[in-house]
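Atoms within each ligand, like the ligands themselves, are counted from 1 in listed order.
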Amino acid sequence: MADEEEEIILSDLDDAELVEQMMDDLYDGLKDEITEGVNILLERGWAPYRILTEALVAGMTIVGKDFRDGILFVPEVLLAANAMKAGMSILKPLLAETGAPTIGRMVIGTVKGDIHDIGQNLVTMMMEGAGFEVKNIGINNPLENFIEAAGEFDADILGMSALLTTTMPYMKVVIDAMKEQGIRDDYIVLVGGAPLNEEFGRAIGADAYCRDAAVAVETAKEFMARRHNRVSA
Ligand code: B1M
């Protein structure tokens, strides 16, 4: 008897089975399958944000747990991250397509020593979708990069991301440098990343900690509204 694995036809699966399968495929770093799965869900009328959160982010959470527990290692996690990025690249233009007018300008990047960029890319996508203009300066940024980019881009908001307990203190280094240069209050400083919390955000002198991309959008909108009220008062 042939000992062949049965091929799974993604389009034959119902929505719940497909999402389950996509989480497995993300775990296995199968980029093409993730691309196909995202396209099928879009054809079935799923909203881009729902696909992002219920299939991709949820799948990445499982990867994160097994990475923590020593079941997965860096090469496998990199493959999963690439598969996630492939899915995100399909959703990006759709999330940005809301036609909302520009409501603010943001510079965002991951701090020095840290190369995690999936979360901040997601924040970028959601902010753009909500009508912000965003300059994403990528990973491993020393304080000069943040400060220069914020000035050049005439940003309202400076966003920093850190995923490591060893790199999160660097956010304070950036904020302290802004204070020294007398420019701290020129910007709304928002911080985010899995190991942070509200208390940390307050302690380092940020305006707010954002738990996820949706909270980042809401928080940015709130602060922009306050800023406009202050200017017009
Ligand atoms: Co790394 N890694 N990693 N990793 N990695 C974590 C963060 C870790 C928690 C895994 C674990 O042990 N469970 C752990 C950190 C432990 C700690 O510090 N306490 C860890 C480690 C240890 C490491 C290395 C040191 C491993 C090694 O080399 N031995 C190494 C460090 C490299 C470096 O940065 N110098 C490393 C490397 C990597 C890869 C390269 C393999 C890969 C990154 C690929 C990439 O990003 N291009 C990777 C990945 C993928 C992860 C996990 C599994 C997933 C991160 C992710 O993308 N999550 C992660 C485990 C985890 O977090 N559960 C882990 C999905 C993403 C959508 O969520 O990034 O949290 P997140 O972003 C959210 C919010 O946090 C928030 O909104 C986002 C969207 O909702 N947010 C913001 C984030 N940034 C924001 C900024 C804002 C606002 C909100 O500004 C306003």
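Contacts with ligand 1 closer than 4.0 Å are made by no heavy atom of K65, backbone or side chain. By the criterion of a heavy-atom distance under 4.0 Å, the side chain of L122, and not its backbone, is placed next to ligand 1. Neither the backbone nor the side chain of T166 has a heavy atom within less than 4.0 Å of ligand 1. With a heavy-atom cut-off of 4.0 Å, R68 touches ligand 1 through backbone and side chain alike.
Distance from atom 65 (C) of ligand 1 to its nearest protein heavy atom, with residue and atom name: M60 CG, 3.8 Å. Among all protein heavy atoms, the one lying closest to atom 74 (C) of ligand 1 is R211 O, 3.4 Å. Closest to atom 18 (O) of ligand 1 among all protein heavy atoms lies T165 N, 2.9 Å. The nearest protein atom to atom 44 (C) of ligand 1, hydrogens excluded, is given as A81 CB, 3.8 Å; this is a heavy-atom distance. Among protein heavy atoms, the minimum distance from atom 68 (O) of ligand 1 is reached at G119 CA, 4.3 Å. Protein heavy atom closest to atom 57 (O) of ligand 1, with residue, atom name and distance, is I118 CB, 3.3 Å. With hydrogens left out, the protein atom closest to atom 46 (O) of ligand 1 is D117 N, 2.8 Å, a heavy atom.
Taking distance alone, with nitrogen or oxygen atoms compared against 3.5 Å, I115 approaches ligand 1 more closely than that limit.
The closest approach between any non-hydrogen atom of G113 and ligand 1 is below 4.0 Å. Residue contacts with ligand 1: M126 is excluded, as none of its non-hydrogen atoms falls under 4.0 Å.
When S161, A80, G193 are ranked by how near their heavy atoms come to atom 75 (O) of ligand 1, first place goes to G193. Evaluated by nearest non-hydrogen atom to atom 79 (C) of ligand 1, the leading choice among A213, G201, A208, P75 is A213.
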message = Walk me through whether K179 and D185 qualify under salt bridge (Lys or Arg N to Asp or Glu O under 4.0 Å).
response = CA-CA 8 Å; K179 284 181 186 160; D185 293 338; over 6 Å; no
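Here E222 pairs with R226 under the salt bridge (Lys or Arg N to Asp or Glu O under 4.0 Å) rule; sequence neighbours left out.
With M84 as the partner, the side-chain contact (heavy atoms from CB on, under 4.5 Å) test is satisfied by one option alone out of N121, L122, V63, L79: L122.
A salt bridge does not link D154 with K135: none of the charged nitrogens is closer than 4.0 Å to a carboxylate oxygen.
Of all protein N, O or S atoms, those under 2.8 Å from atom 1 (Co) of ligand 1 number 1.
Linking Ile, Leu, Val, Met, Phe, Trp and Tyr residues whenever their side-chain heavy atoms come within less than 4.5 Å leaves M178 and I188 in two separate clusters. A single hydrophobic cluster is not seen to contain both L41 and L30; linkage of ILVMFWY side chains at heavy-atom distances under 4.5 Å, directly or through other members, places them apart. Hydrophobic clustering (ILVMFWY, side-chain heavy atoms < 4.5 Å, transitive): V107 and L143 are in one cluster.
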